[in-house]
Amino acid sequence: MRDRPRRTGARLPSPGLPLPTEPAFWRSPVRGVRFTAVLGLVLLVGMPLLFVTGLLSYAAYNPDLAAVNDKTPGKGWLGFYLFDWPTGPHWLYRLTQGVHVTLGIVIVPVLLAKLWSVIPKLFTLPPVRSAAHALERLSLMLLVGGALFECVTGLLNIQLEYLFPGSFYPLHFYGAWVFFAAFLAHTCLKLPRALRVLRHGLPTGESDELASSRPAPPTVSRRGALAVVGAGSLLLLVTSAGRSFDGGLRRTALLTPRGGAEPGQGPNGFQINKTAAKVGIVPAATGERWRLTVVGPAGEIRLSRADLLDMQQHSAALPIACVEGWSTSDQWWRGVPLRDLAALAGFPDGPPGVLVESLQRSGPFRRVALRDNQVRDPRSLLALGVNGEPLSPDHGYPARVIVPAAPGVMNTKWVNRLTFGEL
């Protein structure tokens, strides 16, 4: 019996795929310390600006004035920087919060690219080599976790989606402090070497610990990869920044809920955050029986809309700027100055402040406190009309507060009570 011919070229068992803990797993030729250093320097400029504008946004609510304004109780010494929020320039909050939200969106591709560039380091073994290395790993964990948490909660807030447990305000506030503490620690550890690498390259004989030991064939250069990241940020800028402007630019804000067409036509045809129907304001509550109650040392005074229209009217050109980053251009508001109502309540020289209450029965910011400087500013109005016409129901008819440089939610709509003095 003849032997069967032996088969040649039979496949040998292929070795198993490398694990993420093995250098051979990471094969991108783009990774390298110089690539990471460039991204890190961009974040070194952007992240502190993002943090500072976020703190300014919190200060704009005057959380140390009254409990109704403080959405982060128990902040303790983390509120050390709080100050009396000014009323000028009148576009201040529009600028600071517009920068904060726009920058937070634009910086996302840079942040993701930076995390991608260093992800092999997260899998190196052993995970801890010394006490110093353990501290570095801890700061890195807080840095990555804090950055992702802040981005996710911030982006969800912009889209008015609250999928996370708890209130956005304390979550975002405390998350920002955790992230920035880790960011400072990481910067102190890594910045000197990043600057040396960008200026002089790697020292002779020193290997690039982020470069692949077995790189795959390149499909894009490192400069090309940086260009892709920059193009992604530019695209996000173009499709989000327009929500801070009116007209054609707003229609480019495809990624934000305040993009697209203006809400209706005419004098009241500009952006709003919540409609009267959404918060349960019915016509019967704002009709002929509506009265504004003004409280102070002079007692309790009840005024109809007709009574308010008979008082001296003033005008002010002010924007609406919201925490989600959208804003309108200046609108011409007309109504009774808050300082005149304070005088009627028994404070001829201006009160310590005022508690503003709305017909809105539920939801945050149906009650807000304003500082004395906000009451005294001649541009601070109990507005009865806008752009030459009475307020629409969605813009706060029969009366709303409008204050220069204040967050939109502090400009209470459907006002029915003003308590001047003790807050």
Subject >> Side-chain donor/acceptor of Arg34 to backbone N/O of Val197, under 3.5 Å >> reply: yes
Original post:
Any side-chain donor paired with an acceptor under 3.5 Å for Asp70 and Tyr169?
Top reply: no
**OP:** Please tell me if the side chains of Val108 and Cys151 come closer than 4.5 Å, counting only heavy atoms from C-beta onward.
**Re:** yes
Subject >> Side-chain donor/acceptor of Ser244 to backbone N/O of Gly325, under 3.5 Å >> reply: yes
Subject >> Residue pairs involving residues 94-121 (criterion ring-ring contact (aromatic ring centres under 6.0 Å, His included); sequence neighbours excluded) >> reply: none
**OP:** Sorted by first residue and then second, give each salt bridge (charged side-chain N to carboxylate O under 4.0 Å, His left out) pair with at least one member in residues 221-239; sequence neighbours left out.
**Re:** none
Original post:
For Phe25, which residues count as a ring-ring contact (aromatic ring centres under 6.0 Å, His included) partner, sequence neighbours excluded?
Top reply: none
Original post:
If you measure from CZ on Phe173 to CD on Glu150, what distance do you get to the nearest 0.5 Å?
Top reply: 11.0 Å
Subject >> Pairing residues for Trp85 by the ring-ring contact (aromatic ring centres under 6.0 Å, His included) criterion, not counting sequence neighbours >> reply: Phe83
Original post:
If you take all heavy atoms of Ile105 and Leu236, which pair is closest and at what distance?
Top reply: O-CD1, 3.3 Å
Subject >> Exam field: side chain Asp208 to backbone Val33, donor-acceptor pair closer than 3.5 Å >> reply: yes
**OP:** Using only heavy-atom distances, determine whether the side chains of Lys413 and Gln360 contain a donor-acceptor pair under 3.5 Å.
**Re:** no
**OP:** Taking all non-hydrogen atoms of both residues into account, name the closest pair between His133 and Arg129 and its distance.
**Re:** ND1-N, 3.1 Å
Subject >> Heavy-atom side-chain contact between Ser358 and Val415 under 4.5 Å >> reply: no
**OP:** Begin with the C-alpha distance, continue with both residues' side-chain angles, and end with the deciding distance and a verdict on ring-ring contact (aromatic ring centres under 6.0 Å, His included) for Phe365 and Tyr61.
**Re:** CA-CA 10 Å; Phe365 301 106; Tyr61 287 82; 5.6 Å; yes
Original post:
Closest approach of Ser380 and Val403, non-hydrogen atoms and distance?
Top reply: OG-CG1, 3.7 Å
**OP:** Indicate yes or no for a side-chain donor-acceptor contact from Thr153 to the backbone of Phe149 under 3.5 Å, with no hydrogens or angles considered.
**Re:** yes
**OP:** Give a yes-or-no answer on whether the side chains of Thr72 and Tyr58 include a donor-acceptor pair shorter than 3.5 Å.
**Re:** yes
Original post:
Looking only at atom types and distance, does a side-chain atom of Arg243 sit under 3.5 Å from a main-chain N or O of Leu255, one as donor and one as acceptor?
Top reply: no
Original post:
Taking only residues at least two apart or on different chains, which pairs with a member in residues 319-340 satisfy ring-ring contact (aromatic ring centres under 6.0 Å, His included)?
Top reply: Phe270-Trp333
**OP:** Ignoring hydrogens and angles, tell me if any N or O in the side chain of Arg376 forms a donor-acceptor pair with the backbone of Arg339 under 3.5 Å.
**Re:** no
**OP:** Mark yes or no for whether Gln331, through its side chain, and Ser329, through its backbone, hold a donor-acceptor pair below 3.5 Å.
**Re:** yes
**OP:** Report the residue from Thr419, Leu418, Leu65 that forms a side chain to side chain contact (heavy atoms under 4.5 Å, CB included) with Leu355.
**Re:** Thr419
Pairs of donor and acceptor atoms involving the side chains of residues 343-350, under 3.5 Å and at least two apart or interchain, shall be tabulated with distances.
none

Subject >> Atom of Pro192, atom of Thr187 and distance for their closest heavy-atom approach >> reply: CD-O, 4.1 Å
Original post:
Can any side-chain N or O of Thr252 pair as donor or acceptor with the backbone N or O of Val238 at less than 3.5 Å?
Top reply: yes
Subject >> side chain to side chain contact (heavy atoms under 4.5 Å, CB included) against Val106, all qualifying residues, sequence neighbours excluded >> reply: Thr102, Ser233, Leu237
Subject >> Least distance between heavy atoms, Pro109 atom then Gly232 atom >> reply: CG-C, 3.9 Å
**OP:** Could you name each residue pair satisfying salt bridge (charged side-chain N to carboxylate O under 4.0 Å, His left out) that touches residues 293-319, not counting sequence neighbours?
**Re:** Glu300-Arg417
Subject >> Side-chain (Arg31) to main-chain (Leu210) donor-acceptor, under 3.5 angstrom >> reply: no
Original post:
Between Trp414 (side chain) and Ala276 (backbone), is there a donor-acceptor pair under 3.5 Å?
Top reply: no
Original post:
Between CD of Gln97 and SG of Cys322, what distance do you get to the nearest 0.5 Å?
Top reply: 8.5 Å
Original post:
Are Val354 and Asp372 side-chain neighbours, meaning at least one heavy-atom pair lies under 4.5 Å?
Top reply: no
Subject >> salt_bridge(Arg193, Glu209) N-O dist < 4.0 Å >> reply: yes
**OP:** Give every residue pair that meets the side-chain hydrogen bond (donor to acceptor under 3.5 Å, both in side chains) criterion with at least one member in residues 388-403, sequence neighbours excluded.
**Re:** Asn268-Ser392
**OP:** With the side chain counted from C-beta on, respond yes when Leu384 and Leu308 share a heavy-atom pair under 4.5 Å apart, and no when they do not.
**Re:** yes
Subject >> Partner set under ring-ring contact (aromatic ring centres under 6.0 Å, His included) for Phe179, not counting sequence neighbours >> reply: Phe183
**OP:** Not counting sequence neighbours, which residues clear ring-ring contact (aromatic ring centres under 6.0 Å, His included) with Tyr93? List them please.
**Re:** none
**OP:** Taking the side chain as every heavy atom from C-beta outward, state whether Thr96 and Ser57 have any atom pair closer than 4.5 Å.
**Re:** no
Original post:
Taking C-beta and beyond as the side chain, do Asn62 and Leu370 meet within less than 4.5 Å on heavy atoms?
Top reply: no
Subject >> Full working for side chain to side chain donor-acceptor pair (under 3.5 Å) between His186 and Ser139 >> reply: CA-CA 7 Å; His186 189 73; Ser139 71; 4.8 Å; no
Original post:
In chain order, what residues pass the side chain to side chain contact (heavy atoms under 4.5 Å, CB included) check against Thr87, with sequence neighbours excluded?
Top reply: Asn373, Gln374, Asp377, Arg379, Pro404
Subject >> Heavy-atom pair of closest approach, residues Pro165 and Leu171 >> reply: O-CD1, 3.0 Å
Original post:
Among side-chain atoms of Arg334 and Ser315, is any donor-acceptor pair under 3.5 angstrom?
Top reply: yes
